[in-house]
Protein chains: 2
Amino acid sequence: MGAETTDFAQALRDAGLRVTPQRMVLLSILMGSADHPNADELLARARAVDDSVALATVYRTLSALEEAGLIRKLTLENEPARYEITPAAEHEHIVDIDSGEVIEISCDEINRLRRELLDRLGYEIVSQNTLIRARRIRKPGQG
Amino acid sequence: MGAETTDFAQALRDAGLRVTPQRMVLLSILMGSADHPNADELLARARAVDDSVALATVYRTLSALEEAGLIRKLTLENEPARYEITPAAEHEHIVDIDSGEVIEISCDEINRLRRELLDRLGYEIVSQNTLIRARRIRKPGQG
DNA sequence: TTTCGTGCAAAAATTTTGCACAAGC
DNA sequence: GCTTGTGCAAAATTTTTGCACGAAA
């Protein structure tokens with residue numbers, strides 16, 4: 001069995017980035033987070049591990065990781081940007097407008113349709129971000 | 001023939017908003033714009049008509065129009081928010097990553113799939129914003 | 001005439017940057 | 001040793017807000 005899932009140093013090297021404690025910490029936090037933390041939250045979580053991390057470093061690291069394709073920036077509405085590990089498959093983000101909770105859904109059919117549509121227009125998709133503002137009307141799978 | 005398309009005063013009244021020259025100007029600019037202007041651009045275009053309009057008024061008017069459902073805020077990446085008249089049908093925004101140009105496409109099939117998917121999860125869609133970052137690979141409809 | 005909108009300037013919030021020092025390779 | 005990253009503080013950018021005055025209903 002490989003050690004890929006936790007070899008942050010190797011992931012950084014593979015991305016052509018220098019390995020620093022700050023980058024290791026931030027990358028590990030992002031990989032271990034089920035939610036989509038923003039810069040402030042990442043700073044707090046990083047400082048729980050290494051007290052000296054600065055907010056400027058968080059922003060610079062996020063830019064570097066994003067440019068390397070390791071993470072994705074989520075620009076939601078009326079709130080600071082959030083970040084997630086680059087997903088294996090494109091997916092949609094649903095924001096529950098009452099609770100603020102963000103959940104993800106993946107739909108191959110939508111992804112395929114979108115790719116075909118763009119292709120017909122002469123475009124190749126680089127990345128995609130769908131933000132759905134929705135309201136819970138009942139428990140799933142019922143009614 | 002009706003005057004609906006240019007009766008900005010009535011549109012404001014219908015939305016429960018007071019009719020002011022500033023709101024009339026901003027609403028008319030948004031209705032007449034093929035692009036998706038941001039607050040700064042709206043200020044410039046509004047001032048070409050009425051020199052006294054302030055940026056604070058632009059922001060406050062945009063909030064009011066958005067809350068009334070007349071316009072939609074587009075939160076793209078790494079740039080100030082843009083605004084558009086609330087579209088009749090949900091659509092996707094494609095940002096050409098080389099030119100920065102924003103174009104729109106509408107796909108009933110995707111809208112339907114998305115609605116069904118959310119419904120199955122117990123959600124009702126309030127609004128939706130898809131941002132596709134894409135690169136032109138050829139002229140449309142060829143290849 | 002009462003309520004709400006506007007302009008101005010100041011403030012808030014998020015993100016970026018200059019600089020000196022430290023650390024990676 | 002050369003190059004790049006980091007912390008700090010200051011700055012830049014976008015958006016919001018307090019206040020006094022003016023306009024809408």
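Chain naming here is simple, since letters A, B, ... match the order of the sequence lines and numbering starts at 1 in each. Predicted, not measured: the structure shown is a model, and the values here were computed from it.
Set against D/dG7, D/dG5, D/dA23, the side chain of A/Ser52 has D/dG7 as its closest nucleotide. Candidate nucleotides D/dT6, D/dA24, D/dT15 were compared by shortest atom distance to the side chain of B/Tyr59, and D/dT15 ranks first.
For DNA chain C, the span of nucleotides reached by chain A at under 4.0 Å from its heavy atoms goes, 5' to 3', from C/dT14 to C/dC25.
Checking A/Leu55 against B/Ala81, the closest nucleotide of DNA chain D that is more toward the 5' end is the one next to A/Leu55. Along DNA chain D, the nucleotide closest to B/Pro21 and the one closest to A/Thr61 are compared, and the more 5′ of them pairs with A/Thr61. Summary of the strand contacts: B/Asn78 and B/Ala56 both lie near DNA chain C, and taking for each the nucleotide with the nearest heavy atom, the more 5' one is attributed to B/Ala56.
In this entry the distance linking CE of B/Met24 with C1' of D/dA24 reads 13 Å, nearest Å. Rounded to an integer number of Å, the gap from NZ of B/Lys73 to C1' of D/dT15 is 8 Å. Taking atom CD on B/Gln22 and atom C1' on D/dC21, their separation rounds to 13 Å, with Å as the unit. The separation between A/Glu67 atom CD and D/dG5 atom P is 11 Å, rounded to whole Å. Taking atom CG of residue B/Leu43 and atom P of nucleotide D/dT14, one finds them 13 Å apart after rounding to whole Å. Between the P atom of D/dA25 and the CD atom of B/Gln10 lies a distance of 11 Å, rounded to the nearest Å. Atoms CG (B/Asp50) and C1' (D/dA23) sit 13 Å apart, rounded to a whole Å. Counting to the nearest Å, the C1' atom of D/dG5 and the CG atom of A/Leu62 are 15 Å from each other.
Using a cutoff of 4.0 Å between basic side-chain nitrogens and carboxylate oxygens, A/Glu77 and B/Arg72 are not scored as salt-bridged. Using a cutoff of 4.0 Å between basic side-chain nitrogens and carboxylate oxygens, A/Glu92 and A/Arg114 are scored as salt-bridged.
No hydrogens or angles were tested; on distance alone, a donor-acceptor pair under 3.5 Å links the side chain of A/Arg18 to the base of D/dT3.
The minimum heavy-atom distance linking A/Arg136 with B/Leu121 is given by the pair NH2-O, 3.2 Å. Pairing each heavy atom of A/Leu76 with each of B/Thr75, the nearest pair is O-CG2, 3.2 Å.
Judged purely by distance below 3.5 Å, without hydrogens or angles, the side chains of A/Thr61 and A/Arg23 never pair a donor atom with an acceptor atom.
Contacts of B/Arg23 with the nucleic acid, taken as non-hydrogen atoms under 4.0 Å apart, involve only primed sugar atoms and P, OP1 or OP2.
One hydrophobic cluster, built from ILVMFWY side chains closer than 4.5 Å, holds both A/Ile29 and A/Phe8. Clustering ILVMFWY residues whenever any of their side-chain heavy atoms sit less than 4.5 angstrom apart, transitively, puts A/Ile110 in a cluster other than the one holding B/Leu131.
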